[in-house]
Amino acid sequence: MTAPAGAQRGSWAVLRALWPFLAPYRARIGVAAFALLVAAAATLVVPLAFRQMIDAGFVSGRLAADAGGHVDVWFLALFGVALVLALATALRYYSVSWLGERVSADLRRAVFGQVLRQDAHFFETLKTGEVLSRLNTDTTLIQTLVGTSVSLGLRNALLFVGALAMLVFTSPRLSSIIIGLLLLVVLPILFFGRRVRRLSRVSQDALADSGALADETLAAIRIVQAFVREPFEALRFGQSTESAFTSAIRRTRARAWLTALVIVLVFGAIVFVLWLGARAVAADQLSAGLLAQFVLYAVLLAGASGAIAEVYGDVQRAVGATERLLELLEAQPVIRSPDAPMPLPAQERGARLRFEAVRFCYPSRPGEPSLDALDFDVAPGETVALVGPSGAGKTTVFQLLLRMYDPQQGAIRLDGVDLRELDLAALRGTIGLVAQESVVFSADAMENIRYGRLDASDEEVIAAARTANAHEFIERLPNGYRTFLGERGVRLSGGQRQRIGIARAVLRDPALLLLDEATSALDAQSERAVQDALERVMRGRTTLVIAHRLSTVVGADRIIVLDHGRIVDIGTHDELVARGGLYAQLAAMQFESA
């Protein structure tokens, strides 16, 4: 990961990055702004009505008979203002809440889409649980910001400005004193606001670490239970949660001090000015109604100041969340399609492969080559097996073919074109992969197989399942192909999950088939049936097979023997056994033990 996207930006610069998600909904923003202005204006009219009722309607503590009609008008006007305020507030609330929900949904979708485009380098440095935390917790904070905090902040900013203007209109002398005193409020807001932002980022990171730990533990729950590590993992999660709690309390304490300090300073200034106003009324320098108007505007000003301070804390917290999401949105994969990709050569059922002096080191081990001067050809329709001890570089070959990584030296060519010159999606679309442990999604059997080709018909899915020897066991499921297979396919055995993966690859009808120990999870009977099916699928199709169990690759056209990232021998099974090298040693160990 690169440095935090918002690390060199101010708070508002970070929040401006959210504008592309708000821009499509300008009309909704306009409605919310109109309702906001109407509600603020209605609120600011209330003190004027009170002043008129007091000055025009009350004399020596009783209602003046000749002013009764005027008072009725002002009471009706006050009720009308309240009605307008209620309708405008309801419209504002609905509009900004809609915006908050809509923007957070769009943001989640954009972030998730960007994460899916990242390469292996990205996922080596960022845990899945961390990504999920940002998708959920951080977008929820932004939803609160857009759907609540911004609206409240603007409303109170309008009330603050409007109340301040009316204070000046009511009594320039008293309002000048309030303005001078309120300037003292700005300094603590700026100081504590920056601290809240920093602590909010720390708090969100701690919460994400806790979520990542929980995700990792639950994903390995069988291992945790098998090794009786439930107390240990519970303790680890408890410590992580406690760390997140401590960080949250630091943030909350800073926000509490900010709010308290602002309220004390604002109300202190207002009480002092009101004391001066009361003395002015006693000296007949100010009417009772005018003082009441001044008091109400001062209360509005104080309430708006406290609310702005609270909202400012929310904004700073949302800035921390936005920074974390911007890191994901602005992350660019190292592995991506070229600006002007070469067209994929026309292919029949097989593709030609060429590795040219390929050298590759994983980013985490830059000084240890996983492949070194790797050089070989695979003819169209040929089946080539890669064998060798663990760490020899077999899986790395598959990783490079799928362009999860690019080699540091040399080139890999598909039908004469360097993989780096091809469109990434087009390249991977020509490849069918059956991994050592097939992934089964939380869906039914039909949709799991159709994942190989989304536009496939039910009949094509069933045909692929028959080829992979999966049709019979799927038919025996409670709802057949419409049976929900559970999270990660927990309702299936390991061999059944593997056959689902094989059917998925068969449905894709790829030009290049990659089999990574495709039968390793099967029992002997299923292995034979699937091996027969794979032989039919592989016929005429370029196939690379990774095998630890050499019995599965005896019939390969060629076997490439790897050791420490280098080719140490190439030949058929019989030729390699006759030569007596590394392959012969591996074969002797396996076939003798069998």
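Note that the structure is predicted; figures quoted are calculated from it, not measured.
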Would you call the rings of Trp98 and Tyr25 parallel, tilted or perpendicular, where under 30° means parallel and over 60° means perpendicular? perpendicular

Any donor-acceptor N/O pair, Arg352 side chain to Gly416 backbone, under 3.5 Å: no

With side chains defined as the heavy atoms from C-beta onward, is the minimum distance between Arg420 and Pro407 less than 4.5 Å? yes

Just do the side chain to side chain contact (heavy atoms under 4.5 Å, CB included) check on Asp516 and Leu514 with the steps written out, would you? CA-CA 6 Å; Asp516 186 357; Leu514 305 181; over 6 Å; no

Show your reasoning for whether side chain to side chain contact (heavy atoms under 4.5 Å, CB included) applies to Asp458 and Arg450. CA-CA 8 Å; Asp458 289 358; Arg450 187 177 276 123; 2.2 Å; yes

Check for a donor-acceptor pair, side chain of Arg28 on one end and backbone N or O of Ser95 on the other, with a separation under 3.5 Å. no

Atom CD1 of Ile546 and atom OG1 of Thr395: how far apart are they, to the nearest 0.5 Å? 4.0 Å

Set of residues satisfying salt bridge (Lys or Arg N to Asp or Glu O under 4.0 Å) with respect to Asp339, sequence neighbours excluded: none

Value for CG (Leu507) from CD1 (Ile462), rounded to nearest 0.5 Å, stands at 11.5 Å

Got Leu485 and Leu477 here, is their nearest side-chain heavy-atom distance under 4.5 Å? yes

Closer than 3.5 angstrom, by distance alone: can the side chain of Thr383 be matched with the main-chain N or O of Thr543 as a donor-acceptor pair? no

In terms of heavy-atom contacts, Ile474 and Ala445 come closest through CG2-CB, 4.0 Å

4.5 Å side-chain heavy-atom contact, Leu371 and Val397: yes

Give a yes or no on this: more than 12 heavy atoms of other residues, nucleotides or ligands lie within 6.0 Å of atom OH of Tyr451. no

Nearest 0.5 angstrom please: Met342 CE to Asp415 CG, how far? 11.5 Å

With Phe398 via ring pair (Phe, Tyr, Trp, His ring centres under 6.0 Å) - residues at least two apart: none

Answer yes when Glu447 and Arg482 have at least one side-chain N-carboxylate O distance shorter than 4.0 Å, and no when they do not. yes

Would you please test Arg354 and Asp377 for salt bridge (charged side-chain N to carboxylate O under 4.0 Å, His left out) and show each step? CA-CA 5 Å; Arg354 170 69 179 159; Asp377 281 299; 3.0 Å; yes

Donor-acceptor pair, Thr430 side chain versus Pro510 backbone, under 3.5 Å? no

Should Asp406 and Arg403 count as an ion pair when the cut-off is N to O under 4.0 Å? yes

Quick one: does any side-chain atom of Ser104 pair with a main-chain N or O of Gly100 as donor and acceptor, under 3.5 Å? yes

Looking only at atom types and distance, does a side-chain atom of Arg26 sit under 3.5 Å from a main-chain N or O of Ala23, one as donor and one as acceptor? yes

Main-chain N/O of Gln408 paired with Arg359 side-chain donor or acceptor, under 3.5 Å: no

To the nearest 0.5 Å, tell me how far Lys394 NZ sits from Leu544 CG. 13.5 Å

Contact check, side chains of Leu427 and Pro341, non-hydrogen atoms, under 4.5 Å: no

Please collect all ring-ring contact (aromatic ring centres under 6.0 Å, His included) contacts where either partner lies in residues 367-397, sequence neighbours excluded, each pair once. Phe355-Phe376

Any side-chain heavy-atom pair of Arg497 and Ile500 under 4.5 Å: no

How close do Ala556 and Ile559 get, heavy atom to heavy atom, and via which atoms? CB-CG1, 4.3 Å

Please assess Leu401 against Leu353 for the test side chain to side chain contact (heavy atoms under 4.5 Å, CB included), listing each intermediate value before the final yes or no. CA-CA 9 Å; Leu401 280 172; Leu353 284 180; 3.8 Å; yes

Let me confirm one number: the CD1-CG distance from Ile567 to Leu562, rounded to the nearest 0.5 Å. 6.0 Å

What's the separation between atom CD in Gln114 and atom CZ in Arg117, rounded to the nearest 0.5 Å? 4.5 Å

Pair Thr396, Tyr405: side-chain N/O donor-acceptor within cut-off below 3.5 Å: no

Do Glu421 and Arg413 come within less than 4.5 Å of each other through their side chains, counting heavy atoms only? no

N/O donor-acceptor pair under 3.5 Å between Asp557 side chain and Val384 backbone: no

With a cut-off of 6.0 Å (strictly less than), are more than 12 heavy atoms of other residues, nucleotides or ligands near CD of Glu475? yes

Can you tell if the side chain of Ile570 reaches within under 4.5 Å of the side chain of Arg558, non-hydrogen atoms only? yes

For residues Leu424 and Ser337, report the shortest heavy-atom separation together with the two atoms involved. N-OG, 2.8 Å

Is Phe360 close to Ile412 at the side-chain level, that is, under 4.5 Å between some pair of heavy atoms? no

